[in-house]
Amino acid sequence: MTKPFNPAIRDFLEGRIWLRMHTPFPREEIDALIKGGHIDTIKGIESKPSFLNQKQHFCNRCENDDQTRFTTFYCAKCEGSCTYCRQCLKMGRVSSCTELIVWKGEKPEYSTDHTIAWQGTLTPLQQKASEELTQSQEKKVSHLIYAVCGSGKTEIMFQPIHKLLMEGKRVCIAAPRVDVILELEPRLRAAFPETKIEALSGGAKPAMEASHLVLATTHQLYRFRHAFDAVFVDEADAFPYKADATLQRAVKKAVKPGSPVHYVTATPSDKLLLETKRTGFVSIINRRYHGHPLPVPTFSPLWNYEKQIRKGKLPKKLIDWTEQRLMRNEPFLIFFHHIGLMEEAEPLFQLIDPRIRSVHASHPDRKEHVQELRNKELPGLLTTTILERGITIPNVQVAVVGAEQKIFDKGALIQIGGRVGRSVDYPTGDFILFHNGITYAMDEAKAEILKLNKGGVRT
Ligand SMILES: [Zn+2]
Ligand SMILES: [Zn+2]
C-alpha cells in the first residue's frame, strides 16, 4: 500500500524534467516521494573523462553537448571543481552538484471530454491538409503543413488536435518566437474553451495542474521530457530554432518515444522539406483562404541608400513611396536590415510625417506601436525583421530597404511579402524591394511566389 501524496505534485511533474531544489512544493514532500519511488533523480551534468585529462560534459536537462557552452568553476557546495551548462542557464542553473527530478509514479488522468468551439469552415485545401495531418498522427510519422502566408495554418491543426484531446492525449504547440505564442493563445483558448491550456514563454509561471494542451516557446521545452503524444512546431524556419541544434533536440525530447513532431510553416527550409518527404508526409496549400494570389514583389534600385541616409538624406524614391501611402491613407511597414540605420532614418521619415515610428526586438514601446498602427493612430512603422511574421494588419503596404542584405534570405522575403493582402477586404497591396543590387535570394523569393500562384490556379 503506497502512502497518499499530493496529486498536484504528480500533475505538475508529469512530463517535466525539473530542478529538485526549485519545485513549487515543500522540500520534505518531494524528498518523501523520491524515497517512496514516485520520483526519479538524475544528475544535472554528466562528466566523462576524455583525452588529455579533459572532461566531456553533457547536460541532462537540455541535452547540450557543445563543450564551449559549459563553464567550470570553484563551487562552495561541492567544495571543488563544478561545471554548469550555459545553454539552459536562463531556466535556473544546472551544475554537476544539481539534481534533476522526473515523475515515474502513476500517470495523471487526462479528460477525454473536449468541446471545439471554432465556428469557421475550412476551405477544401485546408480540409484535405487537416485530414492528412490526422492520418500521419495515426501512423506516428512526422507531417509538414507547407501553407502560404494567409492560408489559415492554425485552423488546419484544430481538428487533429481535438481528436488527440478526445483520446486523452497530451499535445504541445511550440514556436520559436514569443510573439507567435502570444498570438496563438487567445485563439486556442477560444477554440477549446473546456481544455486545460497552459501558455509558457519567458516569465510565465508553470500551471499547478496537468495541462492538456501546452503552448510554449521552443526554449521552454528544455524543461519537458517524454511529455507529449504530438508536438506541432509553428514557424519551424524562424530564428533561433532553425539554427540551434539544442532547441531542435529539446523538441524531440519533449515528445514521448515514438511519437511524432509535426511542422507548420509558409517557408520550410529545403532540409525540412526533404526530411519530411523521406520519413513522413507533406501537405501543400498554395492558395490563401480568400483565394487571391500572393503579392509578387517589385524590385526597385536604391543606389547607395545607406550612404545617403547616413548623410541625413532620404532617397527620393523612398520619400515618394511613403508619401503615396500617406496620401492614400494606407498603413505601411518599411523593413530595415540594421537598427542603427533605421534609427538614423527615423527622424528623416518624421519630416514627411511626424507620427512615423520605428520598432525593434528590444524597443520598449514595440507592442504599443504595433497596436497604434492597427488602430490607425500611426500611419506606418519602420521595423527590423521582428515583424516579418505573425502580424496581420488590413491593407498594409510593405517596402524593404536594402533587400540585398544577407538577413533577407528567401524565407524572410516571402514572410515579409506575406503581410500584404491578407484580408478579404484588401486582398492585394504593394510589396516593393528597394535594393542596391539584386541578389539570388530576391530572385528565388520572387520565383517561388510566382510558382505558388501558378499552382494555386489549378486547384
Ligand atoms: Zn543545459
Ligand atoms: Zn557544485
Side-chain angles (χ1 to χ4, degrees), residues 12-25 27-28 30-31 34 39-50 53-104 172 174-178 181 198-207 214-228 231 233 236 238-257 259 261:
F12 174 80
L13 280 180
E14 170 63 22
R16 285 194 158 101
I17 179 160
W18 208 262
L19 286 170
R20 177 173 178 175
M21 290 306 157
H22 284 97
T23 73
F25 304 101
R27 199 162 288 178
E28 310 79 67
I30 299 289
D31 292 350
I34 293 172
I39 293 177
D40 247 350
T41 59
I42 298 170
K43 266 187 87 163
I45 307 283
E46 305 276 0
S47 301
K48 285 193 199 129
S50 76
N53 246 351
Q54 295 266 336
K55 275 187 177 162
Q56 189 79 20
H57 306 295
F58 180 81
C59 173
N60 270 324
R61 180 168 63 183
C62 72
E63 303 197 341
N64 168 37
D65 62 356
D66 175 356
Q67 299 304 304
T68 65
R69 304 290 290 151
F70 290 97
T71 299
T72 301
F73 67 114
Y74 177 83
C75 169
K77 199 170 143 209
C78 309
E79 297 185 333
S81 140
C82 187
T83 299
Y84 68 87
C85 171
R86 290 206 311 282
Q87 190 65 37
C88 60
L89 187 58
K90 268 195 190 155
M91 334 224 88
R93 191 168 78 188
V94 175
S95 61
S96 313
C97 57
T98 308
E99 277 186 307
L100 297 162
I101 51 174
V102 292
W103 182 259
K104 67 162 182 178
C172 172
R177 298 199 178 183
V178 184
I181 296 300
E198 182 174 4
L200 292 169
S201 63
K205 278 229 168 71
V214 173
L215 314 179
T217 54
T218 44
H219 273 103
Q220 292 288 334
L221 296 188
Y222 284 151
R223 296 201 285 200
F224 284 89
R225 197 177 84 143
H226 306 167
F228 304 106
V231 174
V233 184
F239 277 107
Y241 179 81
K242 91 170 173 187
D244 188 337
T246 65
L247 282 179
Q248 294 165 20
R249 243 178 282 162
V251 170
K252 296 210 165 107
K253 170 174 70 99
V255 288
K256 290 178 184 166
S259 290
V261 177

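As the structure lists them, so they are numbered: ligands from 1, and atoms in each ligand from 1.
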- Task: For the residue pair Trp18 and Phe12, categorise the inter-ring angle as parallel (less than 30°), tilted (30 to 60°) or perpendicular (more than 60°).
- Result: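 Because their plane-to-plane angle is over 60°, the rings of Trp18 and Phe12 count as perpendicular.
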
- Please work out whether the ring planes of His219 and Tyr222 are parallel, tilted or perpendicular, with thresholds of 30° and 60°.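 Plane angle over 60°, so perpendicular.
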
- Task: Report the angle formed at the Zn ion (ligand 2) by atom SG of Cys82 and atom SG of Cys78, rounding to the nearest 10°.
- Result: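 About 100° at the Zn ion (ligand 2).
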
- Where do Lys252 and Val231 land on the side chain to side chain contact (heavy atoms under 4.5 Å, CB included) test, with the steps shown first? CA-CA 9 Å; Lys252 296 210 165 107; Val231 174; over 6 Å; no

- Metal environment of the Zn ion (ligand 1), protein N/O/S under 2.8 Å: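 N, O, S partners closer than 2.8 Å: Cys59 SG, Cys62 SG, Cys85 SG, Cys88 SG.
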
- Rounded distance (nearest 0.5 Å) linking atom OG of Ser96 with atom NE2 of His57: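 Going from OG on Ser96 over to NE2 on His57, the span is 7.0 Å.
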
- Item | Rounded distance (nearest 0.5 Å) linking atom CD1 of Ile34 with atom NZ of Lys104 |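 Ile34 CD1 to Lys104 NZ: 10.5 Å, rounded to 0.5 Å.
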
- Item | Donor-acceptor side-chain pairing of Thr98 and Arg93 below 3.5 angstrom |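 Judged by distance alone, the side chains do not pair up.
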
